[in-house]
Amino acid sequence: VYKMVSPAKKKEGFSPRKTKKHEGKEEDDLVFERSYDLLDMDTMESLWYSVRIQGVLPSKRSFHSSTVIQDSMYIIGGIDIQEDAFSDVWKIDLKLVAEYISKGGSHLEDLWQLQKVSGDCPGKLSNHKSVGARDLIYVYGGQTNNENPDKCLYSFDTITSVWKRIIADVY
């Protein structure tokens with residue numbers, strides 16, 4: 001199992017992807033020290049870093065979307081297969097993360113912020129796609145909580161935290 005490398009412990013050629021054996025079969029899996037670590041790749045040096053975020057955190061999830069707008073990353077929805085789908089929007093300030101990494105730190109507190117949203121929210125959504133443009137995040141497709149395909153196009157305004165349904169029932 002790989003342990004993520006902190007900025008103080010650079011390791012060339014490190015990758016978070018590792019082949020592991022499970023019940024006699026080899027599988028490719030992302031293996032993390034903790035499921036809440038934020039992974040940062042230095043593309044100039046091809047090095048991975050793990051930044052441990054503590055304090056208030058999003059619930060563990062998969063099949064969510066993440067979009068970068070300006071200096072922040074937003075994660076939208078997703079699902080915890082043992083629990084339920086999510087309708088939440090979380091934000092983290094990447095500029096603060098980068099400043100901390102440049103100073104050699106590896107543990108941060110309370111950088112994730114749950115956004116208080118309003119408007120025509122898509123509800124509990126997973127397996128959707130998102131793309132950012134200016135201050136908006138556009139969300140399309142995916143599945144609603146009851147596994148029906150979502151056929152609407154939504155926008156999320158990152159300044160006002162307001163959802164808007166742009167197109168209903170696209171197909």
Side-chain angles (χ1 to χ4, degrees), residues 4 16-17 29-43 48-102 105-171:
M4 306 313 294
R17 185 166 290 281
D29 260 336
L30 286 175
V31 181
F32 303 99
E33 240 180 85
R34 285 188 32 183
S35 61
Y36 295 116
D37 288 355
L38 181 66
L39 299 179
D40 177 45
M41 181 176 189
D42 181 335
T43 57
W48 283 97
Y49 302 110
S50 174
V51 180
R52 177 146 304 153
I53 308 293
Q54 298 174 335
V56 178
L57 301 168
S59 299
K60 62 181 180 175
R61 66 192 64 216
S62 57
F63 305 110
H64 58 281
S65 66
S66 60
T67 307
V68 175
I69 299 288
Q70 315 235 350
D71 292 325
S72 296
M73 180 174 68
Y74 295 81
I75 62 170
I76 298 172
I79 192 167
D80 177 348
I81 59 171
Q82 295 178 350
E83 298 290 328
D84 199 358
F86 299 104
S87 62
D88 53 3
V89 178
W90 287 83
K91 173 185 173 182
I92 189 166
D93 186 329
L94 297 176
K95 191 173 183 179
L96 292 176
V97 173
E99 287 173 10
Y100 195 76
I101 290 172
S102 70
S106 61
H107 291 79
L108 291 167
E109 297 222 8
D110 296 328
L111 288 183
W112 281 108
Q113 299 172 344
L114 177 61
Q115 303 299 286
K116 295 178 182 173
V117 303
S118 62
D120 198 358
C121 179
K124 295 181 176 185
L125 192 62
S126 63
N127 295 298
H128 55 283
K129 303 300 179 213
S130 65
V131 63
R134 297 191 179 149
D135 295 325
L136 297 175
I137 298 174
Y138 294 93
V139 175
Y140 178 74
Q143 294 177 314
T144 58
N145 191 37
N146 59 4
E147 298 188 9
N148 291 327
D150 191 299
K151 301 176 184 179
C152 299
L153 175 65
Y154 297 90
S155 68
F156 178 73
D157 188 316
T158 60
I159 303 297
T160 63
S161 293
V162 174
W163 281 103
K164 180 179 180 184
R165 186 185 327 213
I166 299 174
I167 300 174
D169 212 344
V170 174
Y171 33 115

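Because the structure is predicted, anything quoted here is derived from the model rather than measured.
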For the student: nearest non-hydrogen atoms of [X] and [Y], plus distance:
X	Y	value
S130	S66	OG-O, 4.0 Å
I69	G132	CD1-CA, 3.6 Å
T67	I137	OG1-CG2, 3.9 Å
L114	D88	CD1-CB, 3.7 Å
A133	Y138	CB-CE1, 4.0 Å
L111	V97	CD1-CG2, 3.6 Å

Could you tell me whether the side chain of [Y] reaches within less than 4.5 Å of the side chain of [X], counting heavy atoms only?
X	Y	result
S72	T158	no
M73	W112	yes
F86	D80	yes
L125	I76	no

Specify whether W163 and F156 have parallel, tilted or perpendicular ring planes, treating 30° as the upper limit for parallel and 60° as the lower limit for perpendicular. tilted
H128 (side chain) donor-acceptor with G77 (main chain) under 3.5 angstrom: no
For I79 and K124, what are the C-alpha separation, side-chain angles and deciding distance, and is it a side-chain contact (heavy atoms from CB on, under 4.5 Å)? CA-CA 9 Å; I79 192 167; K124 295 181 176 185; over 6 Å; no
Rounded to the nearest 0.5 Å, how far does [atom2] of [Y] lie from [atom1] of [X]?
X	Y	atom1	atom2	answer
E99	D71	CD	CG	9.0 Å
S161	Q113	OG	CD	9.5 Å
D93	Q70	CG	CD	11.0 Å
S155	R165	OG	CZ	11.5 Å

Determine, step by step, whether R61 and W90 satisfy the side-chain contact (heavy atoms from CB on, under 4.5 Å) criterion, reporting the C-alpha distance in whole Å, the side-chain angles of both residues, the deciding distance to 0.1 Å, and the verdict. CA-CA 12 Å; R61 66 192 64 216; W90 287 83; 3.7 Å; yes
Set out, in order, the CA-CA distance, both residues' side-chain angles and the distance that settles side-chain contact (heavy atoms from CB on, under 4.5 Å) for F63 and N127, then state yes or no. CA-CA 5 Å; F63 305 110; N127 295 298; 2.9 Å; yes
